[in-house]
2 protein chains.
Amino acid sequence: MTQTADRATLPEGGKARRVYLLLRDEIANGLHAENATLPGEQRMAETFGVSRVTVRRALDALSQDGLIERRAGSGTTVRLPPAQAQPIAADFTTLMPQLVEMGQSTTARLLSFSYGAAPDHVRRAMGLGQSARVQIATRVRSAEDRPFSHLTTYVPADIASNYSEGDLATTPLYHLLERSGVTIDEAEQSVSATLASPDVAEALGVSVGSALMSLRRVVRDVNGRGVEYLAALYRPDMFRLDMTLSRVGEGSARHWRPRIGADVPEDGG
Amino acid sequence: MTQTADRATLPEGGKARRVYLLLRDEIANGLHAENATLPGEQRMAETFGVSRVTVRRALDALSQDGLIERRAGSGTTVRLPPAQAQPIAADFTTLMPQLVEMGQSTTARLLSFSYGAAPDHVRRAMGLGQSARVQIATRVRSAEDRPFSHLTTYVPADIASNYSEGDLATTPLYHLLERSGVTIDEAEQSVSATLASPDVAEALGVSVGSALMSLRRVVRDVNGRGVEYLAALYRPDMFRLDMTLSRVGEGSARHWRPRIGADVPEDGG
DNA sequence: CTAATCTGTATTTTTTGTAATACAGTTATT
DNA sequence: AATAACTGTATTACAAAAAATACAGATTAG
């Protein structure tokens with residue numbers, strides 16, 4: 001999960017590609033230390049449940065990516081690429097991506113924009129009525145022209161009508177909402193993981209079937225009304241949710257408390 | 001992502017299975033509302049880049065799982081299974097899974113246990129010396145006999161020697177550490193996503209190549225010394241990280257602050 | 001030196017996926 | 001009621017991918 005794009009030339013949905021993705025993931029996650037020798041091709045073929053030829057094709061691709069080095073007789077060793085791009089870190093406690101630290105800036109591209117009925121699960125989560133109309137916007141956010149997140153937001157139509165399509169590209173959504181007279185009170189969010197479907201995969205420049213981090217967030221106003229529903233997908237190699245906790249209290253009351261991050265500009269991505 | 005195990009009888013690494021996993025994921029994530037009709041088989045074949053026969057095989061499996069209902073002429077509709085098990089929710093701010101609420105209890109099974117040299121990235125993260133020896137334990141945690149997390153912990157050998165292998169099964173690790181004279185000060189954690197490798201997939205009862213949530217945590221004592229490194233993998237259909245934030249402050253200083261969860265017993269899983 | 005283990009290469013066989021075609025059920029339109 | 005345009009169903013012949021097998025060259029451990 002290190003390369004900007006999947007430059008391997010393996011058949012899109014084939015087994016070799018699947019093995020390639022798994023191995024690349026393992027290497028990126030530090031499961032195989034640098035300069036460590038991987039298990040032999042025969043061994044790998046058994047663990048992955050494929051033939052040696054298939055493993056071999058995957059290794060060919062990894063080798064081409066510069067992630068491994070193979071020497072006949074001695075084996076295959078892991079070689080981390082010289083310039084591994086650091087993933088963008090977002091502070092889970094403040095919803096703020098730490099972009100300034102790395103001198104990075106992000107741009108958003110609008111994929112689709114429409115008004116319509118809210119999907120069932122969105123309605124339920126936001127506490128909207130059966131026939132509630134919402135603005136649905138899908139954007140892809142990139143850092144240095146490398147896309148890292150796929151965002152779909154649902155905003156009740158009456159609120160969304162207070163800002164323009166152009167505002168979305170320039171101003172953080174929370175500012176737009178608060179400018180629209182909404183008093184934001186709280187947000188519930190939950191993180192999980194999912195597979196990249198064809199459309200998302202294309203938008204994010206990853207292989208279909210690769211792992212993505214998913215985040216759902218419901219933002220409510222002081223009346224408990226849902227004012228925004230966010231369904232976000234992130235490339236795990238380019239984005240991370242971080243959090244620091246402190247151990248406080250004494251004796252049996254000792255427990256964890258989140259440490260609030262430093263102040264950095266807000267951002268919706 | 002609803003079934004306990006992948007009961008589909010599709011060739012393990014085949015394309016049909018890949019499509020099956022993707023569609024199941026989409027349905028589980030609410031991307032297709034209940035009773036919504038899916039795109040036609042021909043259409044799906046195009047979006048997934050496979051033949052219609054392959055899509056058909058995937059749909060056969062979904063149908064067998066009871067996730068969809070097909071009617072010639074009208075199309076294929078989504079049917080959520082009657083008893084969808086609620087995922088376990090863990091509070092990210094307190095590191096406490098909310099198990100009590102749902103009357104659930106977890107059990108841990110030890111997969112491997114050893115002492116040895118720490119892998120490179122673990123050493124770096126914990127700030128240990130080149131030749132530091134650590135205790136490495138891999139456990140699978142289950143709720144009601146359904147495995148949901150795969151945990152690997154690294155603890156410096158001198159600390160780990162203060163408790164027994166049996167203690168690990170019964171007592172939360174933080175209590176063991178603090179009983180060993182360690183004063184825990186802070187923890188850094190980060191969340192991401194990854195693919196299920198064959199060994200993890202087997203332990204968690206999922207398909208190889210399905211999406212997993214991954215969590216890395218480094219726990220430090222008051223001297224900044226790493227006392228625990230946790231690499232955890234979670235089934236996204238059975239586990240979720242939740243967090244509630246409050247919007248506080250006035251004007252331009254308005255920002256988010258995490259809301260601390262209710263008090264529930266601690267747990268390492 | 002020898003044996004074991006590794007990657008590299010080539011060939012054949014088997015499995016899997018694809019494409020094409022015809023058919024049948026449903027729905028909306030004419 | 002007929003029809004057109006969708007849907008899923010089924011079977012076929014064909015192409016592509018993967019598996020199985022065998023063996024050659026490189027390297028390391030004993």
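So you know, we letter chains A, B, ... as the sequences are listed, proteins then strands, and number each from 1.
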A.B. asks: Kindly calculate the angle separating the two end axes of the helix from C:dC1-D:dG30 to C:dT30-D:dA1, each obtained from five base pairs, and round it to 10 degrees.
C.D. replies: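 So the angle between the two local helix axes works out to 30°.
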
A.B. asks: A:E41 has an atom CD; how far is it from atom C1' of C:dT9, in whole Å?
C.D. replies: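 Rounded to whole Å, this separation is 11 Å.
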
A.B. asks: Using 4.0 Å as the upper bound for N to carboxylate O, is an ion pair formed by B:R18 and B:D25?
C.D. replies: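 B:R18 and B:D25: not salt-bridged.
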
A.B. asks: Could you check how far CD of A:Q42 sits from C1' of D:dA19, rounded to whole Å?
C.D. replies: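 Whole-Å distance recorded here is 11 Å.
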
A.B. asks: Reckon A:A16 touches a base, only the sugar-phosphate, or nothing at all at heavy-atom distances under 4.0 Å?
C.D. replies: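 Answer is sugar-phosphate: A:A16 comes under 4.0 Å of backbone atoms only.
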
A.B. asks: Measure from CD on A:E12 to P on D:dA18 and round the result to the nearest Å.
C.D. replies: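 Distance check: A:E12 CD to D:dA18 P gives 12 Å.
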
A.B. asks: Return the 5'-most residue of the pair A:R52, A:K15 with respect to DNA chain C, ranking by each residue's nearest nucleotide.
C.D. replies: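 Taking each residue's closest nucleotide, the earlier one in sequence belongs to A:R52.
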
A.B. asks: Using whole Å, what does the distance between atom P of nucleotide C:dG8 and atom CZ of A:R71 come to?
C.D. replies: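 Result: 11 Å.
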
A.B. asks: Report which part of the nucleic acid A:T76 touches: base, sugar-phosphate, or nothing (heavy-atom distance under 4.0 Å, all strands).
C.D. replies: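 Sugar-phosphate, backbone atoms only, no base.
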
A.B. asks: Provide, to the nearest angstrom, the distance between the CZ atom belonging to A:R18 and the C1' atom belonging to C:dT16.
C.D. replies: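 Answer to the nearest Å: 14 Å.
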
A.B. asks: Looking for any heavy atom pair under 4.0 Å, which part of the strands does B:R56 touch: base, sugar-phosphate only, or nothing?
C.D. replies: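 Answer is base: heavy atoms of B:R56 come under 4.0 Å of a base.
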
A.B. asks: Among C:dG25, C:dT9, D:dA20, which is the nearest nucleotide to the side chain of A:V53?
C.D. replies: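 The answer is D:dA20, which lies nearest to the side chain.
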
A.B. asks: Kindly indicate whether the side chain of A:E41, heavy atoms from C-beta on, has any atom under 4.5 Å from the side chain of A:R56.
C.D. replies: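 The answer is yes, as the side chains (C-beta and beyond) meet within the 4.5 Å cut-off.
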
A.B. asks: Rounded to the nearest angstrom, tell me the gap between atom CG in B:D60 and atom P in D:dG8.
C.D. replies: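 It is 12 Å, rounded to the nearest whole Å.
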
A.B. asks: Is B:S51 close enough to C:dT18 that one of its side-chain N or O atoms is under 4.0 Å from OP1 or OP2 there?
C.D. replies: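 Result: yes.
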
A.B. asks: When you check the gap from the basic side-chain N to the acidic O, do B:R70 and B:D60 get nearer than 4.0 Å?
C.D. replies: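 Salt bridge: yes.
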
A.B. asks: Using distance only, find each side-chain donor-acceptor pair of residues 121-131 of chain B under 3.5 Å and give its atom names and separation, not counting sequence neighbours.
C.D. replies:
unit_1: B:H121; atom_1: ND1; unit_2: A:G30; atom_2: O; d: 3.0
unit_1: B:R123; atom_1: NH2; unit_2: B:D120; atom_2: OD1; d: 3.3

A.B. asks: Just the rounded figure in Å: distance from C1' of C:dG8 to CD of A:E69.
C.D. replies: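 To the nearest whole Å, that distance equals 16 Å.
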
A.B. asks: Out of C:dT16, D:dA19, C:dT7, which has the shortest distance to the side chain of B:P11?
C.D. replies: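 Of all the options, the side chain of B:P11 is nearest to C:dT16.
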
A.B. asks: Specify the separation, in whole Å, of atom CZ of A:R17 and atom C1' of C:dG17.
C.D. replies: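 Those two atoms, CZ and C1', are 17 Å apart.
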
A.B. asks: Any side-chain heavy atom of A:F48 sitting closer than 4.5 Å to one from A:L22?
C.D. replies: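 SC-SC contact between A:F48 and A:L22 confirmed.
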
A.B. asks: If the condition is side chain to side chain donor-acceptor pair (under 3.5 Å), which residues does B:N162 pass it with, not counting sequence neighbours?
C.D. replies: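 Side chain to side chain donor-acceptor pair (under 3.5 Å) check on B:N162 returns nothing, list empty.
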
A.B. asks: Nearest to the B:S74 side chain among C:dG8, D:dA19, C:dT26, which nucleotide is it?
C.D. replies: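 Shortest atom-to-atom distance from the side chain points to C:dT26.
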
A.B. asks: Quick one: do B:E12 and A:K15 make a salt bridge, cutoff under 4.0 Å?
C.D. replies: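 So B:E12 does not pair with A:K15 through a salt bridge.
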
A.B. asks: Nearest to the A:R57 side chain among C:dT7, C:dA19, D:dA18, which nucleotide is it?
C.D. replies: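 The answer is D:dA18, which lies nearest to the side chain.
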
A.B. asks: Please pick, from D:dT27, C:dT18, C:dT7, the nucleotide with the shortest atom-to-atom distance to any side-chain atom of A:R70.
C.D. replies: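 It is C:dT7.
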
A.B. asks: Starting from the C-alpha separation in whole Å, work towards a yes-or-no answer on side-chain hydrogen bond (donor to acceptor under 3.5 Å, both in side chains) for B:T107 and B:R141.
C.D. replies: CA-CA 6 Å; B:T107 57; B:R141 197 166 276 275; over 6 Å; no

A.B. asks: Mapping A:G73 and B:G73 onto DNA chain D by nearest heavy atom, which one lands closer to the 5' end?
C.D. replies: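 Result: B:G73.
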
